[in-house]
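Okay, so here's the structure we're looking at.
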2 protein chains.
Amino acid sequence: MRYILFMDLSSTAYVILGMVSVHPRSGYEIKAAVDESTRRFWAASYGQIYPELKRLSEQGLVTGMDAPRGERKRTVYTITDAGMERLKEWLRRPPEMSEMRDEGLLKLFFSGVLEPDEAAETLRRMRDRRAALAEELAALEAVVIEKSDEFALMVVRGGVEYNRWYADWCERMEAELLATARKERST
Amino acid sequence: MRYILFMDLSSTAYVILGMVSVHPRSGYEIKAAVDESTRRFWAASYGQIYPELKRLSEQGLVTGMDAPRGERKRTVYTITDAGMERLKEWLRRPPEMSEMRDEGLLKLFFSGVLEPDEAAETLRRMRDRRAALAEELAALEAVVIEKSDEFALMVVRGGVEYNRWYADWCERMEAELLATARKERST
DNA sequence: GGCTCCATGTAATCCGTTACATGATTAC
DNA sequence: GTAATCATGTAACGGATTACATGGAGCC
């Protein structure tokens, strides 16, 4: 007999716990929920979800129940009391990890070897991307309002604001860049 | 004899090309440069840098030259014309990848199971972290100004602005959260 | 003498994505 | 009937971090 008292959970484990804390879901549904909500700041793939569900189940943090749809097998997972405790305990701990990888910024950073208008082109692309993302999230906002989930709404709106700020920053930097380029040409 | 005409380069390869495009550097110096500049939006470890330098050298995109310091062996890498062309070609391509992982946002997203003031605590931690980061980058700004690198400066300042926006957003969300919590308590 | 920094490298490991396999159900 | 979606899983692969090994140089 093995005693698992308090094994460290992976970050994916908490996404799963969070997702089933709202209401029971199948692995497939968890993946779908992640893809339309946390994906932009915390993704998860089938390759993580299914093995993790098995582990969480073994540790008694979720329980899987058969819930077939016709002849199609299906297992929905419910969070247990122990699972809810672990989730809350994690939520109360100060957030640690935060990282980003941004190819646009990297290109900008090295753009000293290019002509100013080539660098400006990078900024325009970045701007367009961010503007599109802001619109996408603004559309999602309507969907989230329906669910009346205060925190989900807060996060989507934050996403809209962030992408708008970013798009605006790109515009300003492009203008600045072209302005100094003009000034330099005239001397 | 092997003919490598146009093998795809890894993202790390471009960081290295970018870093040696400014002036020749050793692997150690590349790592140090990454750590004090691009790290926040594009990191690189020794485990990537040294093998990648070897590959880039084999492909004729950089050339390594012995540059010992006393008895201590040291190799500095210089970008070749071919390497510069590859770097520029990449810089001109529209940026694709951009991703983030943010534990704070993830915790916020699932904070519906907590008391409002516990969720507010998460926002306070996030705010403090962002404010500290903004200060850190503001201090770095002074160092970057010395180097008179227009693009590096643009990126650091962007970082300051971003973290200040983020910190401010956290403050506003905390206020909003506590306000609705008060309202709900009074009903 | 010991600590920190300079300097190069590799092996083990972790984390995560992609691709694939399989099969039922629903919509057109 | 066939394409898309629901549903579960795993194997292969790739990217990146961590840890370790090795050793010289400079400083207190």
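Residue numbers begin at 1 in each chain, while the letters A, B, ... track the order of the sequences. Small disclaimer: the values here were computed from a predicted structure and weren't measured.
- When the nearest nucleotides of DNA chain C are assigned to B/Gly47 and B/Glu29 by heavy-atom distance, the more 5′-ward of the two goes with B/Glu29.
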Where do B/Thr12 and B/Glu52 land on the side chain to side chain donor-acceptor pair (under 3.5 Å) test, with the steps shown first?
-> CA-CA 8 Å; B/Thr12 311; B/Glu52 192 61 56; 5.6 Å; no
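- Atom CZ of A/Arg101 is separated from atom C1' of D/dG14 by 13 Å (rounded to the nearest Å).
- Neither OP1 nor OP2 of C/dC15 sits under 4.0 Å from any side-chain N or O of A/Gln48.
- Summarising the hydrophobic clusters (Ile, Leu, Val, Met, Phe, Trp, Tyr; side-chain heavy atoms under 4.5 Å, direct or chained), the residues clustered with B/Leu137 are B/Leu140, B/Val144, B/Ile145, B/Leu153, B/Val156, B/Val160.
- A search for side-chain contact (heavy atoms from CB on, under 4.5 Å) contacts involving B/Leu9 returns B/Ala13, B/Tyr14, B/Leu17, B/Leu56, B/Gln59, B/Leu61, B/Arg86, not counting sequence neighbours.
- Screening residues 69-84 of chain A for side chain to side chain donor-acceptor pair (under 3.5 Å) gives A/Glu29-A/Arg74 as the qualifying pairs, with residues at least two apart or on separate chains.
- Among the protein residues, A/Ala32 comes within range of no part of the nucleic acid, since none of its heavy atoms lies under 4.0 Å from any strand.
- Computed from coordinates, the B/Lys54 NZ to C/dG9 C1' distance equals 8 Å when rounded to whole Å.
- C/dT8 atom C1' lies 16 Å from atom CD of B/Glu52, rounded to whole Å.
- The shortest side-chain heavy-atom distance between B/Met126 and B/Tyr166 falls under the 4.5 Å cut-off.
- The side chain to side chain contact (heavy atoms under 4.5 Å, CB included) test with A/Ser21 singles out one residue from A/Val62, A/Leu87, A/Leu91, and that residue is A/Leu87.
- Side chain of A/Tyr50, nearest nucleotide from C/dT10, D/dT5, D/dG9: D/dG9.
- Dashed line: the shortest gap from a side-chain N or O of A/Arg72 to OP1 or OP2 of D/dT8 is not under 4.0 Å.
- Remark: P of C/dC15 and CG of A/Leu9 are 12 Å apart, rounded to the nearest angstrom.
- You'll find that the side chain of A/Tyr77 is closest to D/dG9, out of C/dC5, D/dG9, C/dT17.
- Here the P atom of nucleotide C/dG16 and the CZ atom of A/Arg39 are 17 Å apart, to the nearest Å.
- The side chain of A/Thr75 contributes no N or O atom lying less than 4.0 Å from OP1 or OP2 of D/dA7.
- B/Arg69 has its CZ atom 13 Å from the C1' atom of D/dG24, to the nearest Å.
- Put simply, CD1 on B/Ile30 is 14 Å from C1' on C/dG9, counting in whole angstrom units.
- Just one residue in the list A/Arg101, A/Arg39, A/Arg40 forms a side chain to side chain contact (heavy atoms under 4.5 Å, CB included) with B/Glu99, and that residue is A/Arg101.
- The nearest whole Å value for the distance from the OH atom in A/Tyr46 to the P atom in D/dA7 is 10 Å.
- By the neighbour-count criterion of 12 heavy atoms within 6.0 Å, atom CZ of A/Arg125 is sparsely surrounded, having that number or fewer from other residues, nucleotides or ligands.
- Of the two residues contacting DNA chain D, namely B/Ser10 and A/Lys73, the nearest-nucleotide position lying further toward the 5' end is that of A/Lys73.
- Heavy atoms from other residues, nucleotides or ligands lying under 6.0 Å from CZ of A/Arg129 number 12 at most.
- A heavy atom closer than 4.0 Å to some atom of DNA chain C occurs in no member of residues 14-25 of chain A.
- Taking the screw axis at each terminus of the helix from C/dG1-D/dC28 to C/dC28-D/dG1 from five consecutive base pairs, the angle between the two is 30° to within rounding of 10 degrees.
- Looking at heavy-atom distances under 4.0 Å, B/Ser26 makes contact with sugar-phosphate atoms alone, never a base.
- When the nucleotides C/dT8, D/dT8, D/dA16 are ranked by their closest atom to the side chain of A/Arg74, D/dT8 comes out on top.
- Relative to the side chain of A/Tyr28, the nucleotides D/dA7, C/dG16, D/dA16 differ in distance, and D/dA7 lies closest.
- Here side chain to side chain donor-acceptor pair (under 3.5 Å) pairs that include residues 111-120 of chain B, with residues two or more places apart or in two chains, are A/Arg92-B/Glu118.
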